[in-house]
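Down below is the structure, laid out as structure tokens.
Numbers here are sequence positions counted from 1.
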Amino acid sequence: MEILQWLVRGGGPSLGTMTRPEGRRVSRRDVVGERYWTSSVSRVDESTVRIRGYDLEELIGGVSFSAATYLLIRGSLPTPEQTRMLDAILTAVLDYALEKPGTVAARYVMSANPNVAAGLAAAVLAVGKNTLAPEDTARFAIESFDRLQVSDRSAAEVAEEIVSEYRSSRRRIPGLGHPVFKYVDPRAQKIKEIAETLGFWGPRAAFYETLHAEFGRQTGRDWIPVNDVGMMALVLVEMGFTPDETTGVAILSTLPGVIAHLTEEQESGRPIRVIPADSVEYDPAVRDFQADKEAAGW
């Protein structure tokens with residue numbers, strides 16, 4: 001009550017950390033009984049920044065960016081194998097020319113608002129169900145394997161059931177297909193090879209391959225490959241990343257390419273890009289506003 005009365009009288013600028021008249025510091029917990037936020041990601045004091053408890057000065061030059069990324073997201077220092085695997089994943093996408101919607105969006109935005117942050121935001125906002133986000137594949141792989149674990153049937157039988165259900169409900173199995181690559185996505189294949197070498201090809205990933213084979217058997221489309229984003233999802237799940245975290249990692253992997261495109265766009269000196277007129281078919285109809293207005297009862 002004494003603290004609240006002091007606040008009402010104007011004692012202190014905010015509900016953060018304040019000092020009472022007698023000199024004792026008062027935290028928000030003293031006022032409302034609980035912390036507004038809790039975080040173990042990092043901490044800053046007068047002389048040190050700590051990342052997951054480690055002095056940032058020791059991390060600078062002491063670990064690679066991939067290792068630091070793993071530390072921040074997963075909360076512990078990675079092994080050399082985990083670092084190599086994450087490094088491979090972060091270089092698996094990088095760029096896909098002007099055939100990636102996010103890159104095109106970023107360049108359009110940059111031509112109108114020559115600001116790197118605005119362009120990056122446009123690219124990130126384009127990430128989702130149809131492009132770059134591995135989270136749906138990650139959830140599918142986890143849930144499908146969980147279903148296998150509680151079943152008394154073989155992997156082949158469970159895979160047949162799952163694929164049949166997806167086909168009957170006209171749902172797409174996430175992680176499959178590519179507009180260019182047939183049978184094998186070479187980027188995905190490379191990720192798998194590294195995962196097998198480093199010990200990150202686990203049971204969820206293996207069962208997903210069973211599902212992929214069953215999809216090819218049922219549809220006759222065995223030329224549809226596991227794509228790079230699908231493979232990223234499988235390996236990241238085996239490394240312990242959550243589905244939502246996999247999309248964050250995928251976005252991170254593509255940012256260097258977007259930055260390169262934004263620089264190129266800015267240097268082109270071509271402001272306000274628009275879709276070329278010969279690439280658009282417009283409705284040629286001409287309507288009579290007055291006649292239609294009267295017909296509508298105005």
Using the rule that two of Ile, Leu, Val, Met, Phe, Trp, Tyr join whenever any of their side-chain heavy atoms come within less than 4.5 Å, decide whether Leu77 and Met239 are in one cluster.
no
Do Phe65 and Leu71 belong to the same hydrophobic cluster, where Ile, Leu, Val, Met, Phe, Trp and Tyr are linked whenever their side-chain heavy atoms lie under 4.5 Å apart, directly or via other members?
no
About how many Å separate OG of Ser164 and CZ of Phe215, when rounded to the nearest 0.5 Å?
12.0 Å
pair Leu236-Ile89: side-chain heavy atoms closer than 4.5 Å
yes
Do Phe181 and Asn227 have side-chain heavy atoms sitting under 4.5 Å apart?
no
Measuring only between side-chain heavy atoms, which start at C-beta, is Pro203 closer than 4.5 Å to Glu238?
yes
Residue pairs meeting side-chain hydrogen bond (donor to acceptor under 3.5 Å, both in side chains), one or both in residues 62-71, sequence neighbours left out, come to Ser66-Asp87, Tyr70-Gln82
Please give me the minimum heavy-atom distance between Ala141 and Leu234, naming the atom from each residue.
CB-CD2, 3.7 Å
Could you check if a side-chain atom of Val127 sits within less than 4.5 angstrom of a side-chain atom of Thr254, using non-hydrogen atoms only?
no
Distance (rounded to the nearest 0.5 Å) between Leu86 CG and Thr91 OG1:
9.5 Å
Side-chain donor-acceptor pair present, Arg50, Thr48, cut-off under 3.5 Å
no
Please walk me through it: do Thr219 and Ile224 pass side chain to side chain contact (heavy atoms under 4.5 Å, CB included)?
CA-CA 10 Å; Thr219 64; Ile224 295 180; 5.7 Å; no
Using atom types as modelled, flag every donor-acceptor pair under 3.5 Å from a side chain in residues 204-211 to any protein atom, sequence neighbours excluded.
unit_1 : atom_1 : unit_2 : atom_2 : d
Tyr208 : OH     : Pro174 : O      : 2.6
Glu209 : OE1    : Lys192 : NZ     : 3.3
Glu209 : OE2    : Lys192 : NZ     : 2.5
Thr210 : OG1    : Ala206 : O      : 3.4

State, yes or no, whether a side-chain contact exists between Met110 and Val258 at a heavy-atom distance under 4.5 Å.
no
What do you reckon, is CZ of Arg84 surrounded by more than 12 foreign heavy atoms closer than 6.0 Å?
no
If we ignore angles and hydrogens, is there a donor and acceptor under 3.5 Å between the side chains of Gln290 and Glu294?
no
For the atom pair OG (Ser42) and CG (Leu56), what is the distance rounded to the nearest 0.5 Å?
9.5 Å
Where Ala106 and Ala123 come nearest, the two heavy atoms and their spacing:
CB-CB, 4.1 Å
Sidechain-backbone polar pair: Glu165 side chain, Ile162 backbone, donor-acceptor under 3.5 Å:
no
Is any side-chain heavy atom of Phe241 closer than 4.5 Å to a side-chain heavy atom of Val249?
yes
Does anything in residues 261-281 form a side-chain hydrogen bond (donor to acceptor under 3.5 Å, both in side chains)? List the pairs, not counting sequence neighbours.
Asp95-His261, Arg107-His261, Arg107-Glu264, Arg107-Glu265, Glu265-Arg273
Run the salt-bridge test on Glu214 and Arg217 with the 4.0 Å N-O cut-off and return the result as yes or no.
yes
Interatomic spacing from CZ in Arg153 to CD in Glu160 - rounded to 0.5 Å:
9.0 Å
Could you check whether any side-chain heavy atom of Ile275 comes within less than 4.5 Å of a side-chain heavy atom of Tyr108, counting everything from C-beta outward?
yes
Count the heavy atoms of every other residue, nucleotide or ligand shown that sit under 6.0 Å from CD of Glu57, and state whether that count exceeds 12.
no
Minimum-distance pair of heavy atoms, taken over all atoms of Ser253 and Met232
OG-CE, 4.2 Å
Determine the minimum heavy-atom distance between Ile142 and Pro243, stating which atoms define it.
CD1-CG, 4.0 Å
Show your working on side chain to side chain contact (heavy atoms under 4.5 Å, CB included) between Asp222 and Tyr183 and close with a plain yes or no.
CA-CA 7 Å; Asp222 59 347; Tyr183 295 102; 4.0 Å; yes
Strictly under 6.0 Å, is that where the ring centroids of Phe140 and Phe145 end up?
no
Hydrophobic clusters here meaning ILVMFWY residues chained together by side-chain heavy-atom distances under 4.5 Å, can you tell me if Leu90 and Ile259 are in one?
yes
Please check if Leu176 and Val237 belong to a single hydrophobic cluster, counting links between Ile, Leu, Val, Met, Phe, Trp and Tyr side chain heavy atoms closer than 4.5 Å.
no
Do you know which two heavy atoms are closest between Ala138 and Ala233, and how far apart they sit?
N-CB, 3.8 Å
Same cluster or not: are Trp223 and Met231 linked, directly or through other Ile, Leu, Val, Met, Phe, Trp or Tyr residues, by side-chain heavy atoms under 4.5 angstrom apart?
yes
Thr137 (side chain) donor-acceptor with Gly230 (main chain) under 3.5 angstrom:
no
Roughly how far apart are Glu143 CD and Leu148 CG, rounded to 0.5 Å?
14.0 Å
Hey, is CZ on Arg172 packed in by over 12 heavy atoms from elsewhere, all under 6.0 Å?
yes
Do Met85 and Ile191 come close enough that some side-chain heavy atom pair is under 4.5 Å?
yes
On a heavy-atom basis, the closest approach of Ala118 and Asn113 is CB-ND2, 3.5 Å
Is a donor from one side chain sitting under 3.5 angstrom from an acceptor on the other, for Thr246 and Glu135?
no
Got a donor-acceptor contact below 3.5 angstrom from the Arg43 side chain to the Ile51 backbone?
no
If we count only N and O atoms by modelled type, under 3.5 Å, do the side chains of His178 and Arg187 hold a donor and an acceptor together?
yes
Is it true that Arg52 and Ser40 share a donor-acceptor pair across their side chains at a distance under 3.5 Å?
yes
Might you work through the side chain to side chain contact (heavy atoms under 4.5 Å, CB included) test for Leu132 and Val93, ending with a clear yes or no?
CA-CA 9 Å; Leu132 194 60; Val93 177; 4.0 Å; yes
